[in-house]
Amino acid sequence: MKPLSEQHADLVVSAIQAAQQAGDLPAFDIPEVPINPSKRIEQGDFASPVAMALARVAKMKPLDIANAIVAHLPAADFIESAEVSPPGFINFRLSKLWLIDQINVLIEQGDTFGNLDIGHGKRAQVEFVSANPTGPLHVGRSRGAIVGDAVARILEAAGFEVQREYYFNNAGVQMKNLGESLRVRYLEALGQPVEIPDESASWFYQGEYLKDIAQQLIEEQGDALLDADWQPFKVYAEAAMFKVIKETLARVDIHHDAFFNENSLFENNAIWDVLDALDKGGYIYKSPVREGESEDVIEKNKDLAPATWFRSTRFGDSEDRVLVKSDGAPTYTLPDIAYHKNKIERGFDLLVNVLGADHYTQHQVVKYGIQALGLDASKINVILIQMVRMVRDGKEVKISTRRGTYETLDDLIDATSADAVRYTLAARNPNSQMDFDMDLAIRRSNDNPVYYIQYAHVRCAGILREAQTRGFSDDGADLSLLDEEALRFMRKCLELPDQIRFAAETLSPHTIPHFALEIANQFHPMYDRVRVFGEGVDPELAKARLRFYRAVQAMFKRMLKLMGMSAPEFM
RNA sequence: GCCUCUGUAGCUCAGUGGAUAGAGCAGCGGUCUUCUAAACCGUUGGUCGGGAGUUCGAAUCUCUCCAGGGGCGCCA
C-alpha cells in the first residue's frame, strides 16, 4: 500500500505537468509536493501548501497556481473533491464510497494493514541490547532494548527483511571476573573456607544471582570443580546469564535472530586484516604518543612502548585514536571497526545501531575507520539513546551491576507490566533524556495511556461478543448507512501507512505510540455515540456499525502488535 | 575549552517550513438500570528558554546568548 499522502502528491505532480503543457503554468522543475492530513474538518481530509512554495518560481499568485493545479487534477477513485482555499491551500476530500471500501480492506488485511513496500527486496539489520553476559539486564538497558525492537518492527512493516542482532564480548577481563566470582560462590556453597570479597573488591560481582547459579552448578556437577580455575566457571556463568537475558527479553516479546561474538573477530584474524588494510592506506602509525604532541609530552612518554594509532583526524576527528595498546592488546575500537566491516560485507542495505549516548565518540571513530577502509559508512545509522535516570522517592537510584544494587528490567516488568514497559519506553523520543519514576510506574500504572489504547480493543471485542450472544451478524452489511463520525475515524486509520513511512525513514519509533494514542482518543468518544445495540438503532444500521467495529478492532490489534504489546479481549 | 542532546500547559511529553501550537496526567463541574464508567461531556491552563536573522509563512532552518544532561581514556 502506498501512503495516501504520496498518492495525493502523485496526482498533484501530474496536474502541474498537465497545466504546464496547457500553458496554464510556466515551465519549472517540480519540487517535492508536501501533503498533510488536515487538522480541521472544514479543511477536508488532506491539504497541500504547494502553491505557496511555487509562487516565486512560477511568478504567479499562490491562489492562481492552486486553481490551475485543481483544474488539471486527474480523476482518482479516492478523491471526492479538491478545493482551493486562501492564501493558496488545496484541500482534498476523500471519496465516501472509497472510504467505505477501506473498511473491508482493513478487515481483510488485519495485521498487515498499512504495510509498505519501500523496503522491498532490501535487508536491514538492527543491532541492539548487546550487553555482555555478566549479569541480568539492568533497567538502564531497557530503553535501548525496547527502542531497538520497535525500530525493527517498523522496518518490517515498511517492507524490509529485518535481522535483529546482539553483539557481545565473552573474552574480556570482566568475563574472567565473572568466572572468578562464580568460583567463590561455588566454594562458599560447598562449605569450603573461602573469603567473600566485600564492596571494596571492584572485580567481584556481588549479585545474588551468582549464588543461584552456583547452586545450579552444584546440582549438575557436584564438587567436581573443587580444584578448577576460573575458566569452567566463566563458561557456565556465561551460558546461565544468556539464558536469563533471553528469558527477560522474551517477556517483552524481544527475540534476536543472531548473536555475534566479538571474539570471533580475533579467532579469524579479522581485526588484524583491518589493521593491515588501514596501514596500507596510510592511516596507521606507531608511536608512544600522538603525532603533533608538544615536546614535553613526547619527552615524558619517550620510554613508553609504542602504541598503534589510527589517523582519524584525517576524517575530521579531534584527535587520533589508539587501536593497539603498548602491551600489544587491541583496544575496543579495533574489533568494533572489524565488526562493522563484517556487517557491511554481509550485504545489508541498512544498518541500525542502537547505542547509549555515551558511545557517541566511539561510534564516530568506528565510522571514520569504515571510511578509511573505503566502505560506505552512510549505511550505518545510529540511534543514540539518551540516559534514563531511575528515580525513586524523588531521588536518583544509582545503578551498578557489579555491586548487585541494580534494578533489573525484570524488576521493572514485575512492578508494572510488559505492556506498560514497552509503551512507556517506546513513546519517548530517543534523543530526549527521561526520568523513569519507579514509584509512578508502580503506583499509577492504571493511568498509563497503554490501558486507554488496550481498552479500545477490549470494547470492540465486547461488541462482537455481544453480537455473538444475540446471534446478530454483520453479513451483507450496507456500509453506506454508516455515520459521518465512523468515516472520520476510518480516515484517521488511513494515516497509518504515512506514519509507518515517517517512522521508518527517520528511524523515529516513538511516533507510532503517539499515533496509537491519537486513534484511541478518537475512538472512545465515538464509542459512546455510535452504538450498535442502542435503543432505537435500526437493525440495518446496527449491522453496518457492527462491521465497522470489526474493522476498528483489527486496527487496534494491528497497532498494538506493531508496538509489541498484547491485545486483550477482556480487562 | 571542544563535541553532542535537551528546553513547548502545573507535571510527563508529541509536533515532517504551512491555516487558529496538541495529547496524556493533574485540577474544577457534571454523566452508569445501557455493547465493560480502565469510559464520556463541559471547563481551566501557553512571552514554544531569551534575542536577532532567513522566508510569502518559523515551535520547526541559521546565528548568538542562557539553563540542564551526556561524551571528550593506551576502559569496554
Side-chain angles (χ1 to χ4, degrees), chain A residues 5 34-36 38-40 42-43 47-50 52-53 55-56 61-62 85-89 91 132 169 172-174 262 288-290 301 304-309 317-319 321-333 335-336 356-362 364 384 386-387 389 424 427-435 437 440 444 446-452 454-456 458-467 469-470 472 498 501-502 505-506 508 510-511 513-515 517-518 520-521 523-529 531-535 542 545-546 549 570-571:
Chain A
S5 67
I35 306 278
N36 308 306
S38 300
K39 285 175 190 144
R40 281 161 235 287
E42 64 272 18
Q43 292 167 356
S48 180
V50 69
M52 271 88 85
R56 170 170 298 206
K61 285 182 195 160
S85 164
F89 288 97
N91 292 330
N132 289 339
N169 168 15
V173 67
Q174 287 186 17
E262 179 191 325
V289 295
R290 281 188 185 85
N301 293 287
L304 194 65
T308 305
W309 297 81
D317 202 355
S318 57
E319 55 190 32
R321 310 285 171 169
V322 172
L323 294 182
V324 183
K325 295 182 269 183
S326 300
D327 65 5
T331 61
Y332 177 82
T333 308
D336 214 7
D358 53 341
H359 283 66
Y360 175 78
T361 307
Q362 173 63 24
Q364 290 292 346
L384 285 178
Q386 294 292 328
M387 295 249 303
R389 290 196 327 149
T424 307
R428 276 158 185 76
N429 188 328
N431 283 335
S432 296
Q433 298 137 226
M434 66 179 284
D435 286 355
D437 189 328
L440 202 69
R444 303 200 339 197
N446 279 354
D447 298 332
N448 199 304
V450 68
Y451 297 95
Y452 191 72
Q454 287 179 319
Y455 189 49
V458 168
R459 284 180 135 179
C460 292
I463 296 171
L464 292 163
R465 264 198 309 276
E466 178 68 17
T469 24
R470 293 183 187 219
F472 190 85
D498 270 307
R501 181 183 62 159
F502 178 78
E505 285 178 351
T506 61
S508 309
H510 66 288
T511 54
H514 280 275
F515 179 65
L517 188 57
E518 271 179 43
N521 205 33
F523 167 83
H524 286 292
M526 175 181 69
Y527 171 92
D528 264 32
R529 289 189 285 263
R531 313 288 291 182
V532 175
F533 302 113
E535 229 168 278
R545 286 177 174 176
L546 181 61
Y549 280 115
F570 300 91
M571 275 170 72

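Below, each value reflects all heavy atoms present in this structure, side chains not excepted, and no hydrogens, waters or symmetry copies. Chain A is the first sequence line, chain B the second, and so forth, proteins listed ahead of strands; every chain is numbered from 1.
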Quiz prompt | Distance, rounded to the nearest Å, where A:L323 contributes CG and B:G73 contributes C1' | solution = 14 Å
Quiz item: In terms of base orientation, is B:C25 syn or anti, with the syn window spanning 90° either side of 0?
Solution: anti
Quiz item: Is RNA chain B part of any stem, that is, at least 3 consecutive Watson-Crick or G-U pairs with both distances under 3.5 Å, and where?
Solution: B:1-7 with B:66-72, B:10-13 with B:22-25, B:27-31 with B:39-43, B:49-53 with B:61-65
Quiz prompt | A:R290 vs B:C74: side-chain N/O to OP1/OP2 distance below 4.0 Å | solution = yes
Quiz item: Partners of A:P87 by side chain to side chain contact (heavy atoms under 4.5 Å, CB included), sequence neighbours excluded?
Solution: A:M52, A:F89
Quiz item: Base, sugar-phosphate, or nothing: which does A:G462 touch, judged by heavy atoms less than 4.0 Å apart?
Solution: sugar-phosphate
Exercise. Sticking with atom C1', work out how far B:G24 lies from B:C40, rounded to a whole angstrom.
Key: 16 Å
Quiz prompt | Whole-Å P distance, B:A9 and B:U4 | solution = 26 Å
Self-check item: Test item: A:P49 and A:N36 side chains (from C-beta on) under 4.5 Å apart, heavy atoms
Solution: yes
Practice problem: Report the residue (A:K325 or A:V532) whose heavy-atom-nearest nucleotide on RNA chain B is the more 5′ of the two. | Solution: A:V532
Self-check item: B:C74 OP1/OP2 closer than 4.0 Å to side-chain N/O of A:R321
Solution: no
Exercise. Please check if the side chain of A:N91 supplies one atom and the backbone of A:S85 the other of a donor-acceptor pair under 3.5 Å.
Key: no
Quiz item: Checking all strands, does A:L546 fall into the base, sugar-phosphate, or nothing category for heavy-atom contacts under 4.0 angstrom?
Solution: nothing
Quiz item: Contact class for A:P62 vs. all strands (heavy atom < 4.0 Å): base, sugar-phosphate, or nothing?
Solution: nothing
Quiz item: Base, sugar-phosphate, or nothing for A:V173, non-hydrogen atoms under 4.0 angstrom?
Solution: nothing
Quiz item: If we take the C1' atom in both B:G22 and B:C61, what is their distance in whole Å?
Solution: 22 Å
Quiz item: Cationic tip of A:R470 within the cone over A:F533's six-membered ring, i.e. under 6.0 Å and within 45° of the normal?
Solution: yes
Exercise. Could you list the residues that satisfy salt bridge (charged side-chain N to carboxylate O under 4.0 Å, His left out) with A:E505, not counting sequence neighbours?
Key: none
Practice problem: Between B:C13 and B:C56, how far apart are the C1' atoms? Round to whole Å, please. | Solution: 32 Å
Self-check item: Sugar-phosphate only, base, or nothing, as touched by A:A307 at under 4.0 Å among non-hydrogen atoms
Solution: base
Practice problem: Mind calculating the distance between CE (A:M387) and C1' (B:U6) to the nearest angstrom? | Solution: 13 Å
Exercise. Output all residues satisfying salt bridge (charged side-chain N to carboxylate O under 4.0 Å, His left out) with A:R545, sequence neighbours left out; order by chain, then residue number.
Key: A:D483
Practice problem: Using modelled atom types only, decide if a donor and an acceptor are shared between the side chain of A:T331 and the backbone of A:V324 within a distance under 3.5 Å. | Solution: no
Exercise. Please work out if A:S85 contacts a base, only the sugar-phosphate, or nothing of the nucleic acid, heavy-atom cut-off 4.0 Å.
Key: base
Quiz prompt | Touch class at under 4.0 angstrom, heavy-atom based, for A:A47 against every strand present | solution = base
Protein-nucleotides 11-18 of chain B N/O pairs closer than 3.5 Å?
{"unit_1": "B:U12", "atom_1": "O2'", "unit_2": "A:R428", "atom_2": "NH2", "d": "2.5"}
{"unit_1": "B:A14", "atom_1": "OP1", "unit_2": "A:N429", "atom_2": "N", "d": "2.6"}
{"unit_1": "B:G15", "atom_1": "OP1", "unit_2": "A:H510", "atom_2": "NE2", "d": "2.7"}

Exercise. Scan A:N169 against the nucleic acid and name what it touches under 4.0 Å (heavy atoms): base, sugar-phosphate only, or nothing.
Key: sugar-phosphate
Exercise. Kindly assign one of parallel, tilted or perpendicular to the pair A:F523 and A:Y527, based on the angle between their ring planes and the thresholds 30° and 60°.
Key: tilted
Exercise. Mind checking A:N91 for me? I need base, sugar-phosphate or nothing, with any heavy atom below 4.0 Å counting as a touch.
Key: base
When you compare the protein's N or O atoms with those of nucleotides 40-42 of chain B, which come within less than 3.5 Å of each other, and at what distance?
{"unit_1": "B:C40", "atom_1": "OP1", "unit_2": "A:Y452", "atom_2": "OH", "d": "2.5"}
{"unit_1": "B:C40", "atom_1": "O4'", "unit_2": "A:D528", "atom_2": "OD2", "d": "3.3"}
{"unit_1": "B:C40", "atom_1": "O2'", "unit_2": "A:D528", "atom_2": "OD2", "d": "3.4"}

Quiz prompt | Nearest-nucleotide 5' precedence on RNA chain B, A:Q43 against A:Y527 | solution = A:Q43
Quiz item: B:U54 and B:G7: how far apart are their P atoms, nearest whole angstrom?
Solution: 25 Å
Quiz item: B:A37 and B:C11: how far apart are their P atoms, nearest whole angstrom?
Solution: 33 Å
Practice problem: Rounded to whole angstrom, note down the P distance from B:G17 over to B:U6. | Solution: 15 Å
Quiz item: Contact class for A:E505 (heavy atom, under 4.0 Å): base, sugar-phosphate, or nothing?
Solution: nothing
